[in-house]
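Data block below; observations after.
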Amino acid sequence: MCGRFTLTVQPAQLIERLGAHMQEKWGEPWQPRYNIAPSQLVACVRLNPHSTQREGVMLRWGLIPAWAKDPAIGTKLINARMETAGEKPAFSAALQRQRCLVLADGFYEWQRHGRFSQPYYIRLREGRLFAFAGLWDQWRGPEGTVIESCAILTAPSNSFLASIHSRMPLILCPDDWDVWLDGKEHNTSRLLRSLRPCPPEDFVVVPVSRCVNDPAVDHPGCIEPVE
DNA sequence: CCAGACGTTGTT
DNA sequence: GTCTGG
DNA sequence: CCAGACGTTGTT
DNA sequence: GTCTGG
């Protein structure tokens with residue numbers, strides 16, 4: 001699954017990678033993030049619902065469906081299984097019409113050893129930026145509060161990660177970014193089947209300090225290899 | 001029909 | 001044990 | 001994901 | 001809003 005990740009690159013690099021003509025609201029001041037946790041704002045790309053242009057936007061991680069009475073439901077909806085998201089009331093509408101990219105350059109998985117768990121940091125070779133397949137929604141509270149939030153799809157682990165953990169986030173290869181964002185593809189099971197997985201040999205996995213366990217800790221020590 | 005949930009992971 | 005917050 | 005709280009009333 | 005369970 002995916003419960004923590006990193007984004008250390010600067011907005012200028014994001015824009016270079018994603019297209020210069022994009023509207024972006026990633027905001028300042030920007031700082032590298034080594035321990036992004038659920039409920040926090042994450043940097044995303046989506047099609048603007050009106051202009052249908054790509055836009056950069058910060059979304060709260062933990063999807064709050066438009067119909068929710070209590071926004072606390074978002075704490076449970078940080079991941080969506082790609083195998084079943086189309087049939088879930090919380091995700092099906094967003095999967096059809098409100099897909100997004102969640103930008104990251106690494107993520108963490110915990111491997112349980114009895115009562116302790118060992119965190120691992122997973123990234124691509126060369127530290128390349130990548131994108132999780134995400135869903136977003138907009139929630140309007142009774143007092144006019146508006147919260148835009150997102151969830152990250154999960155998939156069975158590939159051969160490289162299977163020994164660490166049985167699930168992993170769905171990572172889109174750059175060739176699939178456009179079709180994922182494209183609001184025209186409403187046949188979601190066909191869309192999901194068409195995605196090309198990132199080759200397992202592109203990943204690098206290292207065990208890291210348990211300091212990453214504490215969501216308040218956010219410094220380069222989180223990604224330093226240990227052992 | 002209405003009421004109530006709406007999720008994933010991992011562990012037993 | 002279960003829920004909430006980060 | 002993990003960490004940390006887990007409750008109400010009334011008073012300041 | 002939409003689905004499931006009673």
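Since the structure is predicted, the reported quantities are computational estimates derived from the model, not experimental observations. Below, read A as the first sequence line, B as the second, and so on, with proteins coming before strands; counting in each chain starts at 1. Scope of the values below: all heavy atoms of this structure, side chains included, with no hydrogens, waters or symmetry mates.
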field: Apart from A:Trp136 itself, residues in the same hydrophobic cluster as defined by side-chain heavy atoms under 4.5 Å
entry: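 For the cluster that includes A:Trp136, the remaining residues are A:Val57, A:Leu59.
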statement: With sequence neighbours left out, the residues meeting salt bridge (charged side-chain N to carboxylate O under 4.0 Å, His left out) with A:Lys69 are none
Name all residues meeting the side-chain hydrogen bond (donor to acceptor under 3.5 Å, both in side chains) criterion together with [X]; count only those two or more places apart in sequence or in a different chain, and write none if there are none.
{"X": "A:Asp137", "result": "A:Gln98"}
{"X": "A:Trp110", "result": "A:Asn213"}
{"X": "A:His21", "result": "none"}
{"X": "A:Arg196", "result": "A:Asp176"}

- request: Would you mind listing every salt bridge (Lys or Arg N to Asp or Glu O under 4.0 Å) that reaches into residues 153-165 of chain A, with sequence neighbours excluded?
  value: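 Output for this query is empty, none listed.
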What nitrogen or oxygen pairs link the protein and nucleotides 4-6 of chain C at under 3.5 Å?
unit_1, atom_1, unit_2, atom_2, d
C:dG6, N9, A:Ser39, OG, 3.3
C:dG6, N7, A:Pro38, O, 3.0
C:dG6, N7, A:Ser39, OG, 2.7
C:dG6, N2, A:Arg4, NE, 3.4
C:dG6, N2, A:Arg4, NH2, 3.1

Would you tabulate the pairs of protein nitrogen or oxygen atoms and nucleotide nitrogen or oxygen atoms of nucleotides 10-12 of chain B closer than 3.5 angstrom?
unit_1, atom_1, unit_2, atom_2, d
B:dG10, OP1, A:His165, ND1, 3.1
B:dG10, OP1, A:His165, NE2, 2.2
B:dG10, OP2, A:Ser166, OG, 3.0
B:dT11, OP1, A:Arg112, NE, 3.3

Once you round it to whole Å, what is the distance between [atom2] of [N] and [atom1] of [X]?
{"X": "A:Leu161", "N": "D:dC1", "atom1": "CG", "atom2": "P", "value": "15 Å"}
{"X": "A:Lys69", "N": "E:dT2", "atom1": "NZ", "atom2": "C1'", "value": "12 Å"}
{"X": "A:Gln96", "N": "E:dT2", "atom1": "CD", "atom2": "P", "value": "10 Å"}
{"X": "A:Glu83", "N": "B:dG7", "atom1": "CD", "atom2": "P", "value": "14 Å"}
{"X": "A:Asp214", "N": "D:dC1", "atom1": "CG", "atom2": "P", "value": "16 Å"}
{"X": "A:Arg210", "N": "D:dA3", "atom1": "CZ", "atom2": "P", "value": "8 Å"}

- prompt: When we call it a touch if two heavy atoms are under 4.0 Å apart, what does A:Phe91 touch: a base, just sugar-phosphate, or nothing?
  reply: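 Since only primed, P, OP1 and OP2 atoms lie under 4.0 Å of A:Phe91, the category is sugar-phosphate.
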task: Determine the contact category for A:Ser92: base if any of its heavy atoms lies under 4.0 Å from a base atom, sugar-phosphate if only primed atoms, P, OP1 or OP2 are that close, otherwise nothing.
output: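 No contact at all - A:Ser92 keeps every heavy atom at 4.0 Å or more from the nucleic acid.
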- request: Determine the interatomic distance between C1' on B:dT9 and the same-named atom on E:dC3; round to the nearest Å.
  value: 23 Å
message: In whole Å, measure the gap between the P atoms of B:dG10 and D:dC2 for me.
response: 10 Å
message: Determine whether a donor-acceptor pair (N or O, by modelled atom type, separation under 3.5 Å) exists between the side chain of A:Asn35 and the backbone of A:Arg4.
response: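 Looks like no, no N/O pair under 3.5 Å.
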Pairs satisfying side-chain hydrogen bond (donor to acceptor under 3.5 Å, both in side chains), at least one member in residues 54-66 of chain A, at least two apart: A:Arg46-A:Glu55, A:Asn48-A:Glu55, A:Arg54-A:Asp178
Pairs touching residues 78-90 of chain A that satisfy side-chain hydrogen bond (donor to acceptor under 3.5 Å, both in side chains), sequence neighbours left out: A:Glu83-A:Arg167
Side-chain ion pair, A:Arg33 and A:Asp218, N-O less than 4.0 Å: yes
message: If a pair means Watson-Crick or G-U wobble with both distances below 3.5 Å, what does DNA chain E look like in dot-bracket form, with | marking bases paired to a different strand?
response: ||||||
